[in-house]
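Notes follow once the structure below has been shown.
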Amino acid sequence: MSSTNRSLPLPPELYKGTALEAAPRLLGQHLVRRTEEGDIVCRIVETESYGGIEDKGSHAYNGRRTARTEVMFSSGGAAYVYLIYGMYHCLNVVTGSVGDPQAVLIRAVEPLTPADAERMVSFRSITVKRPSDLSGGPGKLCRALQVNKSHNGTRLDVSGGPLWIEQGTDPASLDVVQCPRINIPYAEEYAGRPWRFYIRDNPYVSVKDPQAVPLIWL
DNA sequence: TAACCGATTCACT
DNA sequence: GTGAATCGGTTAT
C-alpha cells in the first residue's frame, strides 16, 4: 500500500520457520528483480509449500541431497532455482534452519506498476492476452523476471543483489485461500495436502481451484 | 553412460 | 480442452 514500506526487509523469523508457515505469509510481499535495465517489482500472489524430508512432493523427500537440492538444506532466505521439463525455471524461497530442507515455490506474481509490467512483457516471447499469461505460473514468472539457475543460492533476505524480497502488503489483510498443490500426482498421500495458497480473485493466479477454502491463520 | 521423467507451457482444435 | 515440445537431473547399469 503505502510507499513507506518500500525497502523494508521481511521479519527474519519468516525465513526461520517451516515452509508451510511461510508460504501464506509470503503472499502480498514484494519480489524485487534488479536488472541492467532497472528494478522490476512485483507482488507475490500464489505459493506452494514443499516442506521437510517426509513430503513426497518435495525434491528433498527422504533426505535426498544432491547437487541440485543442496540449496534446500541451507539456511532460510536462500533462493532455490531449478530447471523443469528441460526448459522452464522455478523459483523457490528456502526456509528453516541448516540441514532442514524446506522451500516455498513462487507460482505467480503481479507487477506492481504498469512500468514493471512493461519490463516483464518485454522479457516474454509470447503475446500476453490475459494477466496470467504474463506471470501466472512458476515457469512464466521466471521468464518474465529473467530468473535462471545463476540465481540459485541468491540471498532473498538481503537487498541489493539481483533478486530479493521486501515487505509489501500484510497478508493477514488479504483474502487468502488454500487448496491442494498442482501437478504432483506422484506424491501419493501428500498430493492432496492443501499446501497451495493464493490471493482469491487475483487475475495473475495460475489456476483457480473451485474447492479452495479460506485460510484460517494460526 | 544410458534410460527415464518432470513443482510446465504453448499452440492448436 | 488436448497434446507435443524439450533437456538436465536422477537413478540404475
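Reminder, nothing fancy here: chain letters follow the sequence lines and each chain counts from 1.
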Original post:
Residues in side chain to side chain donor-acceptor pair (under 3.5 Å) with Ser75(A), at least two apart?
Top reply: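 With sequence neighbours excluded, Ser75(A) shows a side chain to side chain donor-acceptor pair (under 3.5 Å) to Arg155(A), given in chain and number order.
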
Original post:
What are the two closest heavy atoms between Trp164(A) and Val158(A), and how far apart are they?
Top reply: CB-O, 3.3 Å

Subject >> His59(A) NE2 to dC5(B) C1', straight-line distance once rounded to whole Å >> reply: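 Distance, rounded to whole Å: 11 Å.
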
**OP:** Return the value, rounded to whole Å, for the distance between atom CG of Asn183(A) and atom C1' of dA7(B).
**Re:** 8 Å

**OP:** Report which part of the nucleic acid Gly139(A) touches: base, sugar-phosphate, or nothing (heavy-atom distance under 4.0 Å, all strands).
**Re:** sugar-phosphate

Is a side-chain N or O of [X] found less than 3.5 angstrom from the main chain of [Y], in a donor-acceptor match?
X         : Y         : result
Ser135(A) : Val109(A) : yes
Lys56(A)  : Ala191(A) : no
Asn92(A)  : Val94(A)  : no
Arg200(A) : Pro214(A) : no

**OP:** Mind telling me whether His59(A) and Tyr82(A) have parallel, tilted or perpendicular rings, with 30° and 60° as the class edges?
**Re:** perpendicular

Spacing of [atom1] belonging to [X] relative to [atom2] belonging to [Y], to within rounding of 0.5 Å:
X         : Y         : atom1 : atom2 : answer
Ser159(A) : Glu166(A) : OG    : CD    : 6.5 Å
Trp195(A) : Tyr190(A) : CH2   : OH    : 6.0 Å
Leu20(A)  : Arg193(A) : CG    : CZ    : 10.0 Å

Among [range], which residues get a heavy atom nearer than 4.0 Å to DNA chain B?
range                       : value
residues 89-107 of chain A  : Asn92(A), Leu105(A), Arg107(A)
residues 207-218 of chain A : none
residues 184-201 of chain A : Ile184(A), Tyr186(A)

**OP:** Extract the stems that DNA chain C is part of, considering only consecutive pairing runs of at least three Watson-Crick or G-U wobble pairs, both distances under 3.5 Å.
**Re:** B:1-6 with C:7-12, B:8-12 with C:1-5

Original post:
Which hydrophobic side chains are connected to Ile182(A), either touching it within the sub-4.5 Å cutoff or through other members that do?
Top reply: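 Hydrophobic cluster check, Ile182(A): joined to Val207(A).
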
Going by the rule salt bridge (charged side-chain N to carboxylate O under 4.0 Å, His left out), which residues pair with [X] if we only count those two or more places apart in sequence or in a different chain?
X         : result
Arg181(A) : Asp55(A)
Glu36(A)  : none
Arg124(A) : none

**OP:** Report yes or no: do Arg68(A) and Thr66(A) form a side-chain donor-acceptor pair below 3.5 Å?
**Re:** no

Subject >> Gln211(A), CD: over 12 other non-hydrogen atoms inside 6.0 angstrom >> reply: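 No, CD of Gln211(A) has 12 or fewer neighbouring heavy atoms, counting only those of other groups under 6.0 Å.
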
**OP:** Mark up nucleotides 6-13 of chain C, 5' to 3', with B wherever a protein heavy atom is under 4.0 angstrom from a base atom, S wherever such an atom reaches only the sugar-phosphate, and - elsewhere.
**Re:** BBSSSS--

**OP:** Report yes or no: is the cationic atom of Arg65(A) (NZ for Lys, CZ for Arg) closer than 6.0 Å to the six-membered ring centre of Phe73(A), at no more than 45° off its axis?
**Re:**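 Satisfied, under 6.0 Å and within 45°.
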
Subject >> Sequence neighbours excluded, every pair satisfying salt bridge (charged side-chain N to carboxylate O under 4.0 Å, His left out) that has a member inside residues 99-117 of chain A >> reply: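 Sorted result for residues 99-117 of chain A: Arg43(A)-Glu110(A), Glu46(A)-Arg107(A), Glu48(A)-Arg107(A).
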
Give every pair of a protein N or O atom and an N or O atom of nucleotides 10-13 of chain B that lie under 3.5 Å apart, one pair per line with the distance.
from	atom 1	to	atom 2	distance (Å)
dC10(B)	OP1	Arg124(A)	NH1	3.1
dC10(B)	OP1	Arg124(A)	NH2	3.0
dC10(B)	OP2	Arg124(A)	NH2	3.2

